[in-house]
There are 2 protein chains.
Amino acid sequence: MRPYSHALEKLRAAGLRPTRQRLALAKLLFEGEDRHITAESLHGEALDNNIRVSLATVYNALHQFTDSGLLREIVVDASRSYFDTNTSDHHHFFFEHNGELMDIPGENMLVCDVPEPPAGMTINRVDVVVRVRQAA
Amino acid sequence: MRPYSHALEKLRAAGLRPTRQRLALAKLLFEGEDRHITAESLHGEALDNNIRVSLATVYNALHQFTDSGLLREIVVDASRSYFDTNTSDHHHFFFEHNGELMDIPGENMLVCDVPEPPAGMTINRVDVVVRVRQAA
DNA sequence: GTGTTTGCAAAGTGTTTGCAATTTA
DNA sequence: TAAATTGCAAACACTTTGCAAACAC
């Protein structure tokens, strides 16, 4: 079990003022299992927990958390932005029928022979998305 | 060099009526090197070539071409849809500073030990995106 | 002729922004 | 109290849709 102040520590470490809204969102995000969320899903969850926070503030917080390394953005769907509380090196299953993501631990899958990028470029990240659907 | 009628053959094979707009777009897309495009970029290119076509029709055509296997959609950026005329199995470099894509031939890079998907699911596709940026 | 396709403009969706009011330190 | 943050509503970018006019077969 993580300590009650985990969310607060995360905000402090990121240099973000622990406002009521940011602290409440950080608790939802970081005081449990790792998770995948969208702005809408986190906003809905906040409302369900009687946390008054606007959608704009959720967007702001997600970007601030991402910029400071607390979250990682995952691009799997052209119409929505996903965020992952697990910022370590790993990849994903993407379930196309319901839009859900599932982690694939880093050691279980490797990308071999990643080619050199063109001159003057460096690799920022290698993302693997395994798109799955219901078997016929 | 590909024959002049390549675009027409592609449309026929896909069972799409070769209208003036579809034929013109297919020529831009399929009578040259493989390429990566967005709806806006293809629309702009059509206008530059004095092809009168609306943006809505470009969107329609891109989806029809994708549904019939002439194009492949690539998800690398949450705010835009990209399409690739190369429908064979391969992966991509994505240049974050300008939004461009570059193919990585399939044989040059492999994903090892792709895990079994959860029960009842089958793998639809494995996408690898190597995100690169300008070296410091 | 008959069904398909197009273009337009309006609507839709997810996201961002400007700014006054509020909150934090 | 000074600076940062919030909430709202408007603005945005990209994409989709409804429908009458134009087109393909």
Side-chain angles (χ1 to χ4, degrees), chain A residues 7-28 36-47 49-68 70-71 73-83 98-101, chain B residues 5 7-12 14-28 36-47 50-68 70-71 73-83 98-99 101:
Chain A
L8 184 56
E9 287 163 13
K10 285 254 184 184
L11 291 182
R12 289 244 165 81
L16 294 169
R17 246 186 220 193
T19 63
R20 182 173 55 75
Q21 291 86 340
R22 288 209 275 237
L23 195 53
L25 294 175
K27 282 183 185 175
L28 289 177
H36 303 103
I37 49 129
T38 65
E40 294 280 356
S41 77
L42 182 59
H43 185 232
E45 192 177 342
L47 298 187
N49 285 273
N50 290 309
I51 298 163
R52 285 194 346 282
V53 60
S54 71
L55 186 54
T57 296
V58 172
Y59 274 106
N60 285 339
L62 287 174
H63 289 140
Q64 292 153 352
F65 292 0
T66 301
D67 291 345
S68 55
L70 266 33
L71 289 178
E73 188 169 359
I74 309 202
V75 179
V76 284
D77 181 336
S79 72
R80 259 185 188 27
S81 289
Y82 286 78
F83 297 85
N98 65 2
E100 281 185 25
L101 283 167
Chain B
S5 61
L8 184 56
E9 286 163 13
K10 284 255 185 183
L11 291 181
R12 289 244 165 80
L16 294 170
R17 235 183 230 196
T19 63
R20 183 173 56 74
Q21 291 85 341
R22 289 210 274 235
L23 196 53
L25 294 175
K27 282 183 186 175
L28 290 177
H36 303 103
I37 49 129
T38 65
E40 295 279 356
S41 77
L42 182 59
H43 184 234
E45 193 177 341
L47 298 187
N50 291 307
I51 298 162
R52 283 192 350 280
V53 60
S54 71
L55 186 55
T57 296
V58 172
Y59 274 105
N60 285 339
L62 287 174
H63 289 140
Q64 292 153 353
F65 292 1
T66 301
D67 291 345
S68 55
L70 265 35
L71 289 178
E73 188 169 358
I74 309 203
V75 179
V76 284
D77 181 336
S79 72
R80 262 192 199 8
S81 289
Y82 286 78
F83 297 86
N98 65 3
L101 283 167

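Below, read A as the first sequence line, B as the second, and so on, with proteins coming before strands; counting in each chain starts at 1.
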Q | Divergence of helical axes at both termini of the helix from C:dG1-D:dC25 to C:dA25-D:dT1 - five pairs an end, 10° steps | A |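 Comparing the axis at each end, I get an angle of 30°.
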
(Q) With side-chain contact (heavy atoms from CB on, under 4.5 Å) as the criterion, how do B:Arg20 and B:Arg52 come out once you've worked through the C-alpha distance, each side chain's angles and the decisive distance to 0.1 Å? (A) CA-CA 9 Å; B:Arg20 183 173 56 74; B:Arg52 283 192 350 280; 3.9 Å; yes

Distance check needed: [N] [atom2] versus [X] [atom1], whole Å only.
X: A:Leu55; N: D:dA10; atom1: CG; atom2: C1'; value: 14 Å
X: A:Asn60; N: D:dT6; atom1: CG; atom2: P; value: 7 Å
X: B:Glu40; N: D:dC12; atom1: CD; atom2: P; value: 16 Å
X: A:Tyr59; N: D:dG7; atom1: OH; atom2: P; value: 15 Å
X: B:Glu73; N: D:dC14; atom1: CD; atom2: P; value: 15 Å

**Q.** Intermediate values then yes/no, side-chain contact (heavy atoms from CB on, under 4.5 Å), B:Thr57 and B:Thr19
**A.** CA-CA 11 Å; B:Thr57 296; B:Thr19 63; over 6 Å; no

Ignoring hydrogens and geometry, is there a side-chain-to-backbone donor-acceptor pair from [X] to [Y] under 3.5 Å?
X: A:Asn98; Y: A:Glu100; answer: yes
X: A:Tyr82; Y: A:Asp77; answer: no
X: A:His43; Y: A:Thr38; answer: no

Q) Given the rule in the side-chain contact (heavy atoms from CB on, under 4.5 Å) test, do B:Leu8 and B:Lys27 qualify, once you have shown the distances and angles that lead to the verdict? A) CA-CA 8 Å; B:Leu8 184 56; B:Lys27 282 183 186 175; over 6 Å; no

Q. Which part of the nucleic acid, if any, lies within contact of B:Thr38, taking any heavy atom under 4.0 Å across all strands shown: a base, the sugar-phosphate backbone alone, or nothing?
A.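 Result for B:Thr38 = nothing.
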
Q | Sugar-phosphate only, base, or nothing, as touched by A:Arg80 at under 4.0 Å among non-hydrogen atoms | A |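 Sugar-phosphate contact only - A:Arg80 comes under 4.0 Å of backbone atoms but never of a base.
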
Q. Closer than 4.0 Å, any side-chain N/O of B:Gln21 to the OP1 or OP2 of D:dC23?
A. no

Q) Does B:His63 put a side-chain nitrogen or oxygen below 4.0 Å from OP1 or OP2 of D:dT15? A) no

Q) First and last nucleotide of DNA chain C in contact with chain A, 5' to 3', at under 4.0 Å to a heavy atom: what are they? A)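 It runs C:dG14 to C:dA25.
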
Q) Want to settle it: does B:Thr19 or B:Ser81 sit nearer the 5' end of DNA chain D, counting the closest nucleotide to each? A) B:Ser81

Q | Residue mapping more 5' on DNA chain D - nearest nucleotide basis, A:Ser54 or A:Ala78 | A |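 Its nucleotide being nearer the 5' end, the pick is A:Ser54.
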
Q.
Between B:Val58 and B:Gln21, does the side-chain contact (heavy atoms from CB on, under 4.5 Å) criterion hold? Intermediate values first, please.
A. CA-CA 8 Å; B:Val58 172; B:Gln21 291 85 341; over 6 Å; no

Q. Looking at CG of B:Leu16 and CG of B:Leu70, how far apart are the two atoms once the value is rounded to the nearest 0.5 Å?
A.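 With rounding to 0.5 Å, CG (B:Leu16) is 7.5 Å from CG (B:Leu70).
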
Q. Can you tell which of B:Asn60, B:Asp67, B:Leu62, B:Thr66 makes a side chain to side chain contact (heavy atoms under 4.5 Å, CB included) with B:Gln64?
A. B:Asn60

